[in-house]
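Have a look at the structure below before the remarks.
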Amino acid sequence: MNASPDSPAPSSLVQVRGACPHDCPDTCALLTTVEGGVAVRVAGNPAHRHTDGALCTKVSRYAERTYHPQRLRQPLRRTGPKGSGQFEPVDWDTALDDIASHLRAIASHDPQAILPYSYAGTMGQVQGEAMAARFFHRLGASLLDRTICASAGGEALVQTLGGKVGMKVEHFADARLILIWGSNSIGSNLHFWRLAQQAKRNGARLVCIDPRRTETADKCHEHIALRPGTDAALALALMHELIVHDWLDHDYIERHTLGWNALRERALQWPPERAATVCGVPAEQIVALARDYGTTRPAAIRLNYGMQRVRGGGNAVRAIACLPALVGAWRHPSGGLLLSASGQFPVRRAALQRPDLLAGRSPRTINMSTIGDDLLRPASADFGPRIEALVVYNSNPVAVAPESGKVVQGFQREDLFTVVLEHFQTDTADYADYILPATTQLEHWDIHTSYGHTDVLLNRPAIEPVGQCRSNTDIFRALAARLGFDDPCFTEDDLQLCRTAFGDTVDFQQLLNQGFATLPLPAAPFAQGGFPTASGRCEFYSDRLAAQGLDGLPDHLPNFETPGTDPRYPLAMISPPARNFLNSSFVNVSSLRDIEGEPLLEIHADDAGPRGIQDGQMVRVFNDRGEYRCKASVSRRARQGVVNGLGIWWRKLGPDGTNVNQLTSQRLTDMGRGPVFYDCLVDVAGLPAPT
Ligand SMILES: Nc1nc2c(c(=O)[nH]1)N[C@H]1C(S)=C(S)[C@@H](COP(=O)(O)OP(=O)(O)OC[C@H]3O[C@@H](n4cnc5c(=O)[nH]c(N)nc54)[C@H](O)[C@@H]3O)O[C@H]1N2
Ligand SMILES: Nc1nc2c(c(=O)[nH]1)N[C@H]1C(S)=C(S)[C@@H](COP(=O)(O)OP(=O)(O)OC[C@H]3O[C@@H](n4cnc5c(=O)[nH]c(N)nc54)[C@H](O)[C@@H]3O)O[C@H]1N2
Ligand SMILES: [Mo]
């Protein structure tokens with residue numbers, strides 16, 4: 001069976017090149033084996049250097065997910081009360097006609113009462129915000145501020161380096177020191193971890209900076225288990241040591257940075273002993289890390305998003321992003337920092353999303369991270385109209401948005417008209433008036449950027465849509481036709497949209513032939529400075545932040561909810577993802593759920609002991625926002641004073657119909673208006689064993 005990619009073989013066995021659609025820095029190249037029209041195997045494409053033929057456990061189960069017995073196969077209309085999950089099948093015309101007439105009626109008085117709600121269920125440029133954005137722009141619907149994941153760190157990076165730019169990931173393999181900062185690479189960035197291991201084999205030292213003793217921390221030479229939300233204090237103390245020991249690259253600082261004197265003054269206020277108290281780690285560990293960082297060349301930082309989900313998340317990312325310039329690490333291809341590479345891709349967003357269809361209207365913007373409060377808000381001069389209709393695609397807000405008690409209350413409103421485009425009847429779909437069955441990545445075209453490498457990937461459909469499923473684009477085209485939107489852009493097909501995404505900047509023929517194309521980028525992007533900031537320098541001090549009334553220099557901002565400030569809730573809770581789930585995706589795939597077992601709260605023996613909590617006991621985790629029940633794991637993965645509520649379970653698959661977001665708050669980060677999932681105080685109590 002020697003099938004060649006994309007071409008039928010005699011046995012009707014074909015291999016189709018694709019791209020993993022999931023929200024993960026790795027964006028793998030896929031090779032799907034199709035036999036008689038059925039996808040029998042989804043594997044990594046060995047021809048793609050970064051994927052190297054290997055997939056994570058989750059996505060190697062993508063065929064199981066695609067043909068899952070509970071996959072939605074036809075449109076459904078609600079028959080029971082909101083949230084009851086009772087639906088009846090209807091045909092597409094009935095569903096689309098009725099949805100169009102509801103939207104038309106609302107738009108006739110104020111289209112801003114309609115809100116799209118989407119995130120990165122697929123990261124595709126086409127099935128994400130292309131036809132959907134055109135549709136909502138033409139309608140004049142409210143705009144959505146897509147903040148739920150990365151906006152604090154993203155904004156911080158823009159304010160410091162000038163964009164979501166940084167090291168090329170492949171060069172990590174040649175670094176001598178790698179700080180893995182706020183990331184569980186083995187769980188969430190596996191293909192980077194491969195490079196880090198290569199570096200380790202070549203003698204590099206790996207340091208993991210994370211409150212949780214993750215699988216990644218286990219495999220690094222050192223683990224710095226700081227308290228959540230204290231990363232800026234650590235970074236400032238590292239700067240203090242770089243200054244007092246003169247481990248600085250004065251020439252680089254002089255030529256390529258802005259605000260050095262001011263930053264120097266700030267950092268000198270952070271001796272290691274002060275940071276040690278804030279971070280809850282020994283001062284000697286900070287001093288030793290500073291020595292390593294100041295004296296090892298090349299030194300690379302793999303920053304990720306885990307550390308920005310707190311009040312001061314933007315400031316923390318800014319403080320860390322200053323470090324490579326101080327030691328001149330950028331001079332070397334294997335020195336510097338990588339948080340996100342997404343700013344490197346020349347995506348033609350305006351051509352895809354067509355904001356010109358707003359035709360001079362400027363609708364209000366709703367922040368997706370405060371959807372709980374916003375659904376409950378009445379009309380007012382400040383807020384504008386009450387939200388009357390919600391169209392959800394590529395997201396599961398009832399499970400993933402903070403303070404789910406409020407989110408559920410909002411979705412429960414009988415006067416809210418909700419449409420959900422989905423693969424499965426998720427927690428969110430339970431609250432829909434209509435559920436529309438959507439295609440998966442095996443069934444549609446798409447084109448992909450990445451935030452962890454710098455290749456463009458094309459995804460070809462491998463199989464026909466399952467059941468009556470239709471792609472997101474197709475559904476929005478059909479709604480546009482019903483609403484009489486006659487701009488020719490509403491009839492473009494998905495392959496045209498794939499071509500539009502990059503225009504001439506990427507060789508589309510190469511994408512068709514090979515499935516991926518590498519962006520031509522320099523090896524050491526800032527070796528000679530040239531940061532994409534207004535000043536062309538790495539901006540330690542930011543005029544733009546100062547003009548917004550913020551501190552122009554990075555500083556440590558304590559969490560909103562700092563342990564010790566409320567005696568009722570002495571424990572800090574973070575809620576990073578369980579390794580075998582992808583946010584709330586895959587929770588319903590049995591083979592993966594079986595590995596995770598059940599919702600867990602990791603707790604340190606010193607915190608479990610006084611509460612009488614035994615390993616494996618059911619516990620109640622609670623604060624003023626709510627209560628969540630799960631199983632305690634008395635574990636060395638938790639540091640003292642911090643509990644880890646692994647996410648993100650479907651509420652309805654948890655023991656009490658809630659998940660960890662029942663406890664998280666809707667407060668926002670210092671920059672980027674992002675959520676503060678890991679800035680959350682709780683207490684925990686054991687529950688009696690069921691008799
Ligand atoms: N398997 C798997 N992979 C995923 C995902 C998933 O759900 N599952 N999600 C994907 C998505 S949407 C994203 S955005 C990326 C995220 O990618 P990462 O940001 O790398 O996410 P995590 O691996 O969860 O790493 C976050 C780590 O930060 C730690 N952390 C929490 N608070 C702090 C803090 O205050 N300071 C520091 N230094 N560390 C802290 C957590 O314990 C956790 O280990 O991963 C993607 N990949
Ligand atoms: N407590 C806590 N909460 C968190 C986080 C945390 O660490 N802790 N992490 C946060 C982060 S980083 C993120 S990114 C968000 C993630 O939030 P979401 O982006 O909502 O991610 P998922 O939960 O994976 O839900 C995506 C949904 O999109 C659907 N989908 C996938 N592809 C398609 C498609 O082609 N068409 C349609 N119509 N649907 C599709 C999937 O079936 C899935 O149900 O959650 C955030 N919430
Ligand atoms: Mo995310």
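In listed order, ligands and their atoms are each counted from 1. Computed from a predicted structure; not experimentally measured.
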Query - Partner residues of Pro558 under the side-chain contact (heavy atoms from CB on, under 4.5 Å) criterion, sequence neighbours left out - result: Arg311, His556, Thr562
Requested in this report: Between Asn472 and ligand 2, find which residue part has any heavy-atom pair under 4.0 Å and reply side chain, backbone, both or neither.
Outcome: side chain
Query raised in the report: Any N or O of Glu422 that comes nearer than 3.5 Å to an N or O of ligand 2?
Result: yes
Query - Part of Ala120 within contact of ligand 2 (heavy atoms, under 4.0 Å) - result: backbone
Query raised in the report: Counting from 1, what ligand 1 atoms have a heavy atom of Phe581 closer than 4.0 Å?
Result: 1 (N), 2 (C), 6 (C), 7 (O), 8 (N)
Requested in this report: With sequence neighbours excluded, tell me which residues meet salt bridge (Lys or Arg N to Asp or Glu O under 4.0 Å) with Asp373.
Outcome: Lys406
Query raised in the report: Would Met573 count as a contact of ligand 2 if the rule is a heavy atom under 4.0 Å away?
Result: no
Report summary line: Result for side-chain hydrogen bond (donor to acceptor under 3.5 Å, both in side chains) between Gln662 and one of Glu403, Arg651, Arg625, Arg629 points to Arg651
Query raised in the report: Judged by non-hydrogen atoms, does Tyr305 sit under 4.0 Å from ligand 2?
Result: no
**Report entry** ligand 1 atoms in contact with Arg212 (distance to a heavy atom under 4.0 Å)
**Finding:** 42 (O)
Query raised in the report: Does His22 come within less than 4.0 angstrom of ligand 1, counting non-hydrogen atoms of the residue?
Result: no
Report task. State whether the shortest distance between N or O atoms of Pro397 and N or O atoms of ligand 2 falls below 3.5 angstrom. Result -> no
Query raised in the report: Should Thr439 be listed as contacting ligand 2, given a heavy-atom distance under 4.0 Å as the test?
Result: yes
Query raised in the report: Would you say Pro576 has any N or O atom under 3.5 Å from an N or O of ligand 2, going by distance alone?
Result: no
Query raised in the report: N/O of Asn661 under 3.5 Å from N/O of ligand 2, yes or no?
Result: yes
Query raised in the report: Gln197 side chain to Arg194 main-chain N or O, any donor-acceptor pair under 3.5 Å?
Result: no
Query raised in the report: Judged by non-hydrogen atoms, does Gln441 sit under 4.0 Å from ligand 2?
Result: no
Query raised in the report: Does ligand 1 have any atom that is closer than 4.0 Å to a heavy atom of Tyr451?
Result: yes
Query raised in the report: Considering only heavy atoms, does Asp23 approach ligand 2 within less than 4.0 Å through its side chain, its backbone, both, or neither?
Result: side chain
Query raised in the report: Looking only at N/O atoms, are His444 and ligand 2 under 3.5 Å apart anywhere?
Result: no
Query raised in the report: So is Asn189 close enough to ligand 1, meaning a heavy atom under 4.0 angstrom away?
Result: no
Query raised in the report: Mind checking whether Gln127 has an N or O less than 3.5 Å away from an N or O of ligand 2?
Result: no
Query raised in the report: At a non-hydrogen distance cut-off of under 4.0 Å, which region of Asn394 contacts ligand 2 (side chain, backbone, both, or neither)?
Result: both
